[in-house]
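Inspection log for the structure reproduced underneath, given as structure tokens.
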Amino acid sequence: MRFNLAEQPWLPVVRLDGTRAEVSLVTLLTEAHLIRRVLGQTPPMTAALHRLVLALMHRVYGPADGEAWAELWEAGSLPDPTVPGPGETQPRLPTGWFELFDSDRPFFQCPGVSKVPASSAAKLVPHLAVGNNTTLFDHTTATDDVSLSPAEAARWLVTLQAYDPGGMKTPYTKDKSSQAAPANRMGMVLVEGGTLKETLLLNLLPYSPTQERPRNTEADDRPAWEAPPPSPEPELRHPKGWTDLLTWPSRRVWLVPSLRDGTLVVDQVVITPGTRLSGEPQDNEWMAAHRRPKIREGRTAKGQTTRPTYGPWYPVRLTEHRGVWRFSQELLLSPVGAEERHWQRPPTLDHVARMVMEDVIPRDAVYTLRVFGQQLDSKGSVVEQTLEETVAAPVTLLRAAHDVAGPVIGESIQLANLVGSALNQMEREHRAQFAARPSAELALGYWPLLAAPFDVLLKALAQALGAGTSPVPATREWARAVFRTATDAAVRWAEGSPRRGRSLEAAGECYGRFVEQLDEEIRAYHGRLAGFIE
């Protein structure tokens, strides 16, 4: 029973002409210039597959520095990894590492747990209801006969290692507890270009373990498939470096294949607790933004303003209803000055900015930040929803620490937050009079509709800064978009549900106070920006 991931098709892609296909790892790299994107069955699968391919590219191509990166960027296609490079005698990609069903070194698995009683292959797939993973629309049980093709099993295996929830698992011996896989605790940021080749390179940092590049990468850093199979017992450790983290073995897995009518399938699987991750995310994870919330800012006895105090670092995450664009400052901009280090954008964007400044990447390019996330329940053991959002990424905003861009983006997001709070206050005042329950109606009618106008703001701001013109027209259009969206949401709230008598009168009073506050917030927004822009 053989299925080699380097040679056989399993990665789901969309080609430039819009057709879908499955390709091998080697084909993915050599034809990346002809592919639009990798597209998994779920957002976490798409994210996990990208992390796997990036780890592979680091081990195959490096690149050791910006010059080597530029050579890859300017080439028409990526080099064939099965052919030795200049001055080399061996291919850069030993395909033997990628045998899915090898008895000694199966890809991303642990032969040591093969004696643990196996369960249904449904345990690999989050949306199938098996064990404690209850779902609304699927009624699979642990005794149901679920079989996956080798390609499907490989995709879900990679996704499981990156996004499996925590909680109790079948133990190897006694330890049942497992930590949620690393990608659960962040919004994974992928810089997306026009082709898969561009996308992969835009997210490929200079990589040289012997030179500790990127930061905190040790000389013995290596992806999971290059390391000996892990011990079946769970462990706790720091990552050895970037490719180690990209292929973190959060679970000990053993796929059980069989032949059905001459067809190779995976119908059973063993999943036990794996390696727990220690260390701070902002020191090791390079595909996420991190921020420290302000917890104190006061005045001295003489009336002088004290320096703000910030809390611990948190990864920027996707949340329901409110778009990730609200963190555009943390996602896009480089902090200005040491005192402003309360956010850290994904270091992949620092590298993109350097390539723009060196004229490798065009200065007028506009890419897309595609952010992936998974929301777990309060116990961190059940998947509640998966999320994927986008934010425009004009390289003009990436390439320098702008004195204007930061205040404009920050104040524009603050305007949306203040108006959103006013909407909430309007509904809260009305509910207080009638002991009514809160609803998501206003949030759904406001926050999701601001994502597109905010992308317009970012692009217009970048164009103005690049041309040396005033960003005032861009900020005024954003204020109009916030005004229209908030007003429409408030009117629908006031008129959308049947109200009579006192309820109708109270809704009108609350709406009137909201309109007054909305006008005040718009005026204050323009006033705050007057000190930064002309």
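Heavy-atom basis, side chains included; hydrogens, waters and symmetry copies ignored. A quick note: this is a predicted structure, and the numbers were derived from the prediction, not measured.
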Within the side chain of [X], is there an N or O that forms a donor-acceptor pair under 3.5 Å with the backbone of [Y]?
{"X": "Tyr61", "Y": "Ala68", "value": "no"}
{"X": "Lys169", "Y": "Gly274", "value": "no"}
{"X": "Gln161", "Y": "Phe108", "value": "yes"}
{"X": "Asn284", "Y": "Leu245", "value": "no"}
{"X": "Trp69", "Y": "Leu204", "value": "yes"}
{"X": "Gln414", "Y": "Gly410", "value": "no"}
{"X": "Arg20", "Y": "Pro12", "value": "no"}
{"X": "Trp248", "Y": "Thr275", "value": "yes"}
{"X": "Asp267", "Y": "Val146", "value": "no"}
{"X": "Gln179", "Y": "Leu277", "value": "yes"}

- Message: Applying side chain to side chain contact (heavy atoms under 4.5 Å, CB included) to Asp283 and Arg215, what does each step give before you reach the verdict?
- Response: CA-CA 8 Å; Asp283 294 331; Arg215 179 162 54 93; 4.1 Å; yes
- Message: Whether Glu235 and Arg252 form a salt bridge (side-chain N of Lys/Arg under 4.0 Å from carboxylate O of Asp/Glu) is what I want to check.
- Response: yes
- Query: Does a side-chain N-to-carboxylate-O contact under 4.0 Å join Arg51 and Glu285?
  - Reply: yes
Please report the interatomic distance [atom1]([X]) to [atom2]([Y]), rounded to the nearest 0.5 Å.
{"X": "Met188", "Y": "Leu369", "atom1": "CE", "atom2": "CG", "result": "11.0 Å"}
{"X": "Leu56", "Y": "Leu200", "atom1": "CG", "atom2": "CG", "result": "10.0 Å"}
{"X": "Leu397", "Y": "Leu458", "atom1": "CG", "atom2": "CG", "result": "6.5 Å"}
{"X": "Leu5", "Y": "Trp97", "atom1": "CG", "atom2": "CH2", "result": "14.0 Å"}
{"X": "Lys240", "Y": "Asp220", "atom1": "NZ", "atom2": "CG", "result": "4.5 Å"}
{"X": "Ile361", "Y": "Met355", "atom1": "CD1", "atom2": "CE", "result": "7.5 Å"}

Of the non-hydrogen atoms in [X] and [Y], which two are nearest, and what is the gap between them?
{"X": "Ala121", "Y": "Val269", "result": "CA-CG1, 4.0 Å"}
{"X": "Lys459", "Y": "Ala392", "result": "CE-CB, 3.7 Å"}
{"X": "Leu16", "Y": "His33", "result": "CD1-O, 3.6 Å"}
{"X": "Ala118", "Y": "Val256", "result": "CB-CG2, 4.2 Å"}
{"X": "Trp242", "Y": "Thr217", "result": "N-OG1, 3.3 Å"}
{"X": "Phe3", "Y": "Ala151", "result": "CZ-N, 4.0 Å"}

Side chains of [X] and [Y]: closer than 4.5 Å at any heavy-atom pair?
{"X": "Thr247", "Y": "Arg222", "result": "no"}
{"X": "Val125", "Y": "Glu152", "result": "no"}
{"X": "Val316", "Y": "Trp343", "result": "no"}
{"X": "Pro81", "Y": "Thr30", "result": "yes"}
{"X": "Glu31", "Y": "Arg15", "result": "yes"}
{"X": "Pro273", "Y": "Tyr172", "result": "no"}
{"X": "Arg291", "Y": "Gln329", "result": "no"}
{"X": "Asp145", "Y": "Arg260", "result": "yes"}

- Query: Taking everything shown except Glu384 itself, do over 12 heavy atoms lie less than 6.0 Å from its CD?
  - Reply: yes
Would [X] and [Y] count as having a side-chain donor-acceptor pair, cut-off 3.5 Å?
{"X": "Asp175", "Y": "Ser177", "answer": "yes"}
{"X": "Thr19", "Y": "Asp17", "answer": "yes"}
{"X": "Thr243", "Y": "Asp221", "answer": "yes"}
{"X": "Tyr207", "Y": "Arg59", "answer": "yes"}

- With Gln374, the side chain to side chain donor-acceptor pair (under 3.5 Å) member among Asp164, Asn184, Thr386: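 Of Asp164, Asn184, Thr386, side chain to side chain donor-acceptor pair (under 3.5 Å) with Gln374 is met by Asn184 alone.
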- Message: With side chain to side chain donor-acceptor pair (under 3.5 Å) as the test, pick out the partner of Arg370 among Glu389, Glu192, His50.
- Response: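 Among Glu389, Glu192, His50, the one that satisfies the side chain to side chain donor-acceptor pair (under 3.5 Å) with Arg370 is Glu192.
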- Message: Do Arg326 and Trp447 form a cation-pi contact, if we require the NZ or CZ to be under 6.0 Å from the six-membered ring centre and within 45 degrees of the ring's axis?
- Response: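 Because its charged atom sits under 6.0 Å from the ring centre and within 45° of the axis, Arg326 does stack over Trp447.
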- Task: Show your working on salt bridge (Lys or Arg N to Asp or Glu O under 4.0 Å) between Glu99 and Arg105 and close with a plain yes or no.
- Result: CA-CA 8 Å; Glu99 289 288 350; Arg105 295 188 63 163; over 6 Å; no
- Working for side chain to side chain contact (heavy atoms under 4.5 Å, CB included), residues Leu376 and Tyr163: CA-CA 10 Å; Leu376 306 180; Tyr163 280 98; over 6 Å; no
- Message: So, applying side-chain contact (heavy atoms from CB on, under 4.5 Å) with Arg37, which one of Thr199, Thr46, Thr195 is it?
- Response: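 Among Thr199, Thr46, Thr195, the one meeting side-chain contact (heavy atoms from CB on, under 4.5 Å) with Arg37 is Thr46.
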- Task: Give me the ring orientation class for Trp225 and Phe107: parallel if the planes are under 30° apart, tilted from 30 to 60°, perpendicular past 60°.
- Result: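 Taking Phe107 first and then Trp225, their aromatic rings lie parallel (interplane angle under 30°).
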- Checking side chain to side chain contact (heavy atoms under 4.5 Å, CB included) for the pair Leu196/Val38: CA distance, chi angles, key distance, verdict? CA-CA 7 Å; Leu196 180 62; Val38 173; 4.0 Å; yes
- Message: The test is side chain to side chain contact (heavy atoms under 4.5 Å, CB included); show your working for Phe327 and Val391 and say whether it passes.
- Response: CA-CA 10 Å; Phe327 299 107; Val391 177; over 6 Å; no
